[in-house]
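These figures come from a predicted structure and were not determined experimentally. Order of appearance sets the numbers: ligands from 1, and atoms from 1 within every ligand.
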Amino acid sequence: MKTLVIRVDPENRKWWKDTLQKLLPNLKVVLWDEDEYKVEEVEYAVVWNPPVGGFKKFTNLKCVVSVGAGVDHILKDPDYPKNVPIIRTVGKPLRKRMAEYVLPHVSRYQLRLPEIRKAQEERKLIQYVEPLADEINVGVMGMGNLGGYLARKLRVFGYNVFSWSRTPKKVKGIASYAGKEQLSHFLSKVKILVCILPQTSLTENILNEQTFEMMPDGSYLINVGRGETIVEKDLIDALDHGKLAGATLDVFREEPLPKEHPFWKIPEILITCHTAGFIDPGLGGKIIAENLKKFIQGGKVKDIVDIEQGY
Ligand code: GLV
């Protein structure tokens, strides 16, 4: 029987299996590591962070679904069979979850909450003057499905929004900067930088000592894209020197973030655990099942990844 294998984080595996089995009754849905199945019957895979070299045994694979908008966790495998299309998972509920994560962190910096918290610890009652949203320049790096939606929402809240992407993006009310040539101009404007870039050869290490220098003193960083975009040591130095006043980090080079990592001890860093764009079966199951059904019926699936470009 045509089989779909699932390989995701252990906590939600069973939930994924039950959800997808209900939504795709014509397929046999199994867990990659735990269940018994015939590898030659596996035609579909739904994965987050699959093992390197793991796809080799599935010789009849027709399509892989990424439980995520990003596909770096699949393409890091040099043996990934490039003729097998990858469908990424995006959609309204996921865009909303991402935006609803980022907005309060932007507000937190706008309202100077880290300073207020510090004052409270010192029992100081200070009446901080909080700037209005339209006095704050927010930059969004990465204007794809998630970033574009987020930038629009920030605009609705009244922030001055600037965007930076590989190619220019026309969005009403949002100034667009594109390419390496315009990066310094973009960064020089932003007080709060939201990075939502995918991991590709062009974005790796893009936030480093030189690029932090381009930002105004005392700026903030919110990273919800990929840990690989940041040179960690340079971020620590930038916080140390006050170039950056704070950072909210949801993604890391190594996940989960190792217990001994220096980020844990830095008071200006707020750490969350890859929750910003988290796709659970409740939010992503229907989207994934619909994409797969369309693919199986030979229909056009719009979220097929450009494997060469990496997103
Ligand atoms: C999550 O990190 C995603 O790629 O959507």
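- Salt-bridge annotation for Lys118 and Glu121: absent, with no side-chain N of the basic residue lying under 4.0 Å from a carboxylate O of the acidic one.
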Donor-acceptor pairs under 3.5 Å, side chain of residues 256-267 to any protein atom, not counting sequence neighbours: which ones?
| residue | atom | partner | partner atom | Å |
| --- | --- | --- | --- | --- |
| His261 | ND1 | Phe263 | N | 3.0 |
| His261 | NE2 | Glu232 | OE1 | 2.9 |
| Trp264 | NE1 | Pro258 | O | 2.8 |

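- For a heavy-atom separation below 4.0 Å, the residues in contact with ligand 1 are Trp48, Gly68, Ala69, Gly70, Arg226, His274.
- Of the possible polar contacts, one joining the Arg253 side chain to the Glu228 backbone as a donor-acceptor pair under 3.5 Å is found.
- By the salt bridge (charged side-chain N to carboxylate O under 4.0 Å, His left out) test, Glu213 pairs with no residue at all, sequence neighbours left out.
- Residues Arg13 and Glu34 are paired through a salt bridge, judged by an N-O separation under 4.0 Å between the basic side chain and the carboxylate.
- The side-chain contact (heavy atoms from CB on, under 4.5 Å) test applied to His241 returns Asp237, not counting sequence neighbours.
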